[in-house]
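To start, the structure itself, in structure tokens.
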Amino acid sequence: MKIGVLGSGIVGRVLASAFLNEGHSVMLGTRNISKEEVTKWQTENSGGLLGSFQETAQFGEIIVLAVSGLAVEDAITLAGKEHFFEKTVIDATNPIAAVPPDNGVLKFFTTLEDSLMERIQQILPDARLVKAFNSVGNAFMYKPDFPGGTPTMFICGNDDGAKQKVTEILTSFGWETEDMGKAEAARAIEPLCILWCIPGFIRNQWTHAFKLLKM
Ligand SMILES: NC(=O)c1ccc[n+]([C@@H]2O[C@H](COP(=O)([O-])OP(=O)(O)OC[C@H]3O[C@@H](n4cnc5c(N)ncnc54)[C@H](OP(=O)(O)O)[C@@H]3O)[C@@H](O)[C@H]2O)c1
């Protein structure tokens, strides 16, 4: 598949490398293709392409949203809404507010009756959004290897076909997937990021992932 990754932060670069490693064609999108970390990524990832947000969204048969939560709307405008039409869009973003955490508890700019993914879905009504990768640190997004077993990625979205595609990708990345339903479930999945970060902020422990235990 052709994968367009919007965002050149650590998440964008990690996921772009992972897709390349799985044999996909990948373009990493940024506002500045000359940035040091971006040119370094391309040197270390032969075959990886660089482009503007617009070129990357146009390129991708599947698009990954990996920009700052506060910048999602601007990034989509730069990418061009028309380039998301009927595409599977993996939404890895979190609505983290630009204020410090309270005793290790991050603050969101959304409420529990709302989520960033639902806001994005309103901006892109024809896109097939799937929430994924938001509730684990970037170091474990690809081929996580925990003594406790295979971790669970919680996903949600309104399109079953898109969720099936993302589940196949997650399986190839070494995850088990739990489909939590429609877009509204992002109200519960996004705050898992807050929970995931607490041990990091209060004890400097950042090496964990969630697993759903079932009978
Ligand atoms: N860090 C993690 O381990 C982790 C884990 C799970 C989920 N997440 C989520 O994944 C997303 C990416 O996180 P990150 O840590 O890789 O990086 P980040 O610092 O949150 O975001 C960097 C990206 O945001 C873009 N950006 C910033 N301001 C912008 C603006 N005004 N207009 C357009 N684009 C703008 C940057 O564009 P340029 O490329 O042009 O600089 C860059 O691509 C976030 O939503 C985060 O909450 C992060």
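As the structure lists them, so they are numbered: ligands from 1, and atoms in each ligand from 1. All of these numbers come straight from a predicted model, not from anything done at the bench.
Note that the CZ atom of F201 and the CD1 atom of I194 stand 10.5 Å from one another [nearest 0.5 Å]. To the nearest 0.5 angstrom, L65 atom CG is 10.0 Å from I90 atom CD1. In this structure, NZ on K131 lies 14.5 Å from CZ on F154, to the nearest 0.5 angstrom. The OG atom of S8 lies 6.5 Å from the CZ atom of F53; values are rounded to the nearest 0.5 Å.
Listed by number with element, the atoms of ligand 1 under 4.0 Å from a non-hydrogen atom of T93 are 45 (O). Near F53, meaning under 4.0 Å from any of its heavy atoms, are these atoms of ligand 1: 33 (C), 34 (N), 37 (O). Near G7, meaning under 4.0 Å from any of its heavy atoms, are these atoms of ligand 1: 43 (O). Remark: ligand 1 atoms within the under-4.0 Å shell around heavy atoms of G69 are 45 (O). Near D74, meaning under 4.0 Å from one of its heavy atoms, ligand 1 places the atoms 31 (N), 32 (N). Shown in contact with A92 at under 4.0 Å from a heavy atom are these atoms of ligand 1, numbered in order with element: 7 (C), 8 (N), 9 (C), 10 (O). Here is the list of ligand 1 atoms found below 4.0 Å of a heavy atom in N134: 6 (C), 7 (C). Atoms of ligand 1 lying under 4.0 Å from any heavy atom of G137, numbered from 1 in the order shown and given with element: 3 (O).
In terms of N/O distances under 3.5 Å, ligand 1 is not approached by A66. Where the criterion is an N or O separation shorter than 3.5 Å, residue side chain and backbone included, S68 meets it with respect to ligand 1. At a 3.5 angstrom cut-off on N or O pairs, I10 counts as close to ligand 1. Polar contact check, K35 against ligand 1: a nitrogen or oxygen pair lies under 3.5 Å apart. Considering backbone and side-chain atoms together, V11 places an N or O closer than 3.5 Å to an N or O of ligand 1. For the pair S8 and ligand 1, the shortest N or O to N or O distance falls below 3.5 Å.
With no hydrogens or angles considered, no side-chain donor-acceptor pair links Q122 and E118 at under 3.5 Å.
Of the options M141, R31, R13, the smallest heavy-atom separation from atom 36 (C) of ligand 1 is shown by R31. When the heavy-atom distances from atom 5 (C) of ligand 1 to L15, V136, L192 are ranked, the shortest goes to V136. Closest to atom 11 (C) of ligand 1 by heavy atom, among V14, N138, V67, is V67.
The existence of a salt bridge linking E184 and K182 is excluded, since no basic side-chain nitrogen approaches an acidic carboxylate oxygen closer than 4.0 Å. Salt-bridge formation is detected for the pair K40/E44: a Lys NZ or Arg NE/NH1/NH2 atom is positioned less than 4.0 Å from an Asp or Glu carboxylate oxygen. A salt bridge does not link R187 with D114: every distance from a Lys NZ or Arg NE/NH1/NH2 to an Asp or Glu carboxylate oxygen is 4.0 Å or more.
Classified by interplanar angle (parallel below 30°, tilted 30° to 60°, perpendicular above 60°), the ring pair F146/F140 is tilted.
In this structure, the protein non-hydrogen atom closest to atom 46 (C) of ligand 1 is N94 N, 4.2 Å. Closest to atom 29 (C) of ligand 1, if we only count protein heavy atoms, is A71 CB, 3.2 Å. Nearest protein heavy-atom contact of atom 17 (O) of ligand 1 is G9 CA, 4.0 Å.
Side-chain contact between L49 and V26: absent, with no pair of heavy atoms (C-beta onward) separated by less than 4.5 Å. Residues M117 and C156 form a side-chain contact, since some pair of their non-hydrogen atoms from C-beta on lies under 4.5 Å apart. In this structure, L15 and F173 have side chains that are in contact, with non-hydrogen atoms separated by less than 4.5 Å.
There is no protein heavy atom closer than 4.0 angstrom to atom 19 (O) of ligand 1.
Contact annotation: for F133 versus ligand 1, heavy atoms closer than 4.0 Å belong to the backbone alone.
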T152 and E178: CA distance, side-chain angles, deciding distance, side-chain hydrogen bond (donor to acceptor under 3.5 Å, both in side chains) verdict
CA-CA 7 Å; T152 309; E178 199 67 36; 5.7 Å; no
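Within the 4.0 Å heavy-atom shell around ligand 1 one does not find W196.
Distance alone, capped at 3.5 Å, places no donor-acceptor pair between the D91 side chain and the V130 backbone.
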